[in-house]
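First the structure, in the form of structure tokens, and then the observations on it.
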Amino acid sequence: METESEPYVRLASLRQLHQVMADMNTARSLADTLQTVANGVVQALGYELACVNLVRPDGDLVVAAFSGNQAAEALITGRVGSRDSWERRLSMGETWGDLVFIPHTEGWILDDDDVPQWYTDGPAPRFEDEWHPSDRLFAPMYTPSVPGGKCGELIGVLSVDRPRNGRRPGAWGREALQMYAFQAAIAISNARLRANMQRALVRLEREQQALRASEESFRQAFEYAPSGMAIAEMGGDQHGRILRTNDALCRLLGRPASAMRRYAFSDLVHPEDIGTLLRTSAEGGRAELRLGRRDGTYVWVSLRNSVVADAADGPRFLLTHVEDIEERKRRELQLAHRASHDSLTGLPNSAELRARLSSRLCQRPTHAGALESMDAAYGHPAVYDANGHGFDFRPGAESYDGFDHHVHTVAPEGERDDGAKGLAVLFCDLDGFKSINDRFGHNAGDAVLIEVARRLSQCVRDGDTVARLGGDEFVILANGLGKADAADLAVRLRNEIIQPIRAEGRAVRVGASFGIGWAHCGMTADEVLKSADERMYVEKRSRPKQHRRAG
């Protein structure tokens with residue numbers, strides 16, 4: 001990953017980083033979580049060695065996990081470094097955001113302190129940003145803080161070594177390591193909470209078997225749990241009604257305990273997540289969904305159920321553990337957005353464009369048996385979507401297969417505008433853009449692309465799609481247009497683009513050539529885009545060269 005500059009990070013690298021972060025949050029135990037954190041640095045961030053130094057109750061840091069070299073792992077795992085030595089390391093060197101980098105020119109004074117470390121051999125750097133064997137890079141991990149609050153308590157330090165590309169990490173590499181350390185801190189904190197809760201529940205179960213005084217132990221474990229807890233009724237007319245909540249859950253949802261007793265979780269869940277809640281089993285069921293706060297907002301939580309019996313009366317109740325995962329979900333959404341959107345303009349990228357276009361199209365089946373069976377079912381020719389569902393082939397008809405719904409996409413036909421409406425695909429190529437890059441540099445070119453993206457987005461309707469296909473090519477998907485409407489839209493967009501653009505302190509102009517294609521079922525997304533692209537080149541060649549740019 002370190003060889004990639006930020007605007008060109010491969011989708012596979014983002015997926016790998018996303019998978020590693022997901023693995024951290026699904027590890028079964030604290031030990032598994034710590035080892036997963038160390039392995040993730042090696043697998044996804046481009047370093048050969050990684051060490052997790054965990055803060056002990058006495059304040060010193062112990063090497064809790066190591067990845068990348070079995071000999072070094074056997075040498076230092078379990079060894080302890082004093083808190084004073086670690087504080088010294090984290091207060092010297094260069095600060096890269098939350099990261100601390102100690103170059104070899106300063107780090108030699110640390111060779112004799114009591115922090116466990118490994119030594120690597122290698123030649124001296126040949127150029128300025130080459131990694132030296134004695135360079136040190138640390139990523140402190142802090143407990144999650146409240147929004148807008150200060151950084152939490154130090155829980156450990158990630159130390160990394162040997163970047164695979166042999167260079168000090170650039171801006172993307174630093175941000176990725178810093179984001180990874182933040183997620184690792186959340187995963188470790190949650191693993192500790194889960195371990196504490198599991199130990200508390202095991203202890204409680206043993207006490208319940210031994211004496212009836214277990215109710216008091218349960219009450220304390222429930223009330224003072226660091227994450228949300230609730231007890232709800234099982235069975236009967238009041239099934240699911242909340243009977244008791246702890247302070248942590250009340251604070252999380254901003255609702256007093258007295259108000260919580262008026263609800264069931266089904267009353268609090270986001271409407272889009274009600275199906276997830278209903279599919280969650282009572283015994284051992286888990287789900288990630290959104291619960292409503294008192295102020296009308298929603299928070300992402302991990303909800304885990306278990307069935308318990310009341311020691312006095314014997315009826316069974318549902319114990320629900322509610323864990324705040326808002327930060328992790330936000331990071332996941334950010335990663336998903338970066339995977340589907342252009343990093344420069346913020347528009348949907350080529351993959352997202354094709355996905356949106358493909359979702360509107362269905363394919364005519366090619367197998368003779370499939371054709372005959374579908375035609376017989378509908379009484380006329382039929383089509384399939386990408387998932388194999390059958391649909392009515394008549395223009396504008398709607399059909400259902402299971403829970404899927406599809407409106408057949410038909411393109412206007414003929415040279416005249418007969419009033420038919422369809423899904424217009426406008427392929428836009430900027431004229432004169434290369435000369436701006438050549439004369440004024442890529443920063444000016446980037447500024448032009450960003451401004452063109454803004455203007456295109458402002459000129460289309462809500463629900464239309466503006467995407468950057470790559471380079472200076474853009475595509476607009478506009479549904480419900482006739483031929484005249486599409487031509488008018490292309491003119492409006494071109495008139496917006498040719499207005500002067502401020503870039504690097506000067507006014508520049510670009511022109512635009514548009515090709516209008518029409519999507520209809522039976523075509524693939526690539527065929528639709530190719531059709532619009534070819535029409536764009538016909539339009540470009542039809543105009544004199546001097547008129548292709550606005551100046």
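Checked for salt-bridge contact, Glu451 and Arg455 meet the test: a charged N lies under 4.0 Å from a carboxylate O. Salt bridge present: Arg494 and Glu539 bring a charged side-chain N and a carboxylate O closer than 4.0 Å. Taking a cutoff of 4.0 Å between a charged side-chain nitrogen and a carboxylate oxygen, Glu48 and Arg162 qualify as a salt bridge. Taking a cutoff of 4.0 Å between a charged side-chain nitrogen and a carboxylate oxygen, Glu327 and Arg330 qualify as a salt bridge. With respect to Lys421 and Asp485, a salt bridge is recorded, a charged nitrogen being found less than 4.0 Å from a carboxylate O. Salt bridge status for Glu332 with Lys329: present, with a side-chain N to carboxylate O gap under 4.0 Å. Taking a cutoff of 4.0 Å between a charged side-chain nitrogen and a carboxylate oxygen, Arg167 and Asp129 qualify as a salt bridge.
Asp526 and Thr524 are not linked by any side-chain donor-acceptor pair at a separation below 3.5 angstrom, with hydrogens and angles left out of the test. Side chains of Thr465 and Arg356: a donor on one and an acceptor on the other come within 3.5 Å. A donor and an acceptor atom, one from each side chain of Ser67 and Asn39, are located under 3.5 Å apart. Using modelled atom types, one finds no donor on one side chain facing an acceptor on the other under 3.5 Å when comparing Trp131 with Asn165. Side chain to side chain, Arg338 and Gln334 fail the donor-acceptor criterion of an N or O pair below 3.5 Å.
Taken from OG in Ser302 to CD in Glu323, the straight-line distance is 5.5 Å, to the nearest 0.5 Å.
Pro169 is listed as a side-chain neighbour of Tyr47, based on a closest heavy-atom distance under 4.5 Å. Between Phe514 and Val491 there is no side-chain heavy-atom pair separated by less than 4.5 Å. Using a 4.5 Å heavy-atom threshold, the side chains of Asn437 and Val448 count as separate. The shortest distance between side-chain heavy atoms of Tyr537 and Arg541 falls below 4.5 Å.
Val466 pairs in a side-chain contact (heavy atoms from CB on, under 4.5 Å) with only one of the listed residues (Ser457, Cys428, Pro348), which is Ser457.
Stacking of Arg168 on the aromatic ring of Phe101 is not recorded, the 6.0 Å distance cut-off and the 45° axial limit not both being met.
Within a 6.0 Å sphere centred on CZ of Arg126, heavy atoms belonging to other residues, nucleotides or ligands number 12 at most.
In this structure, the side chain of Arg509 engages the main chain of Ile498 through a donor-acceptor pair within 3.5 Å.
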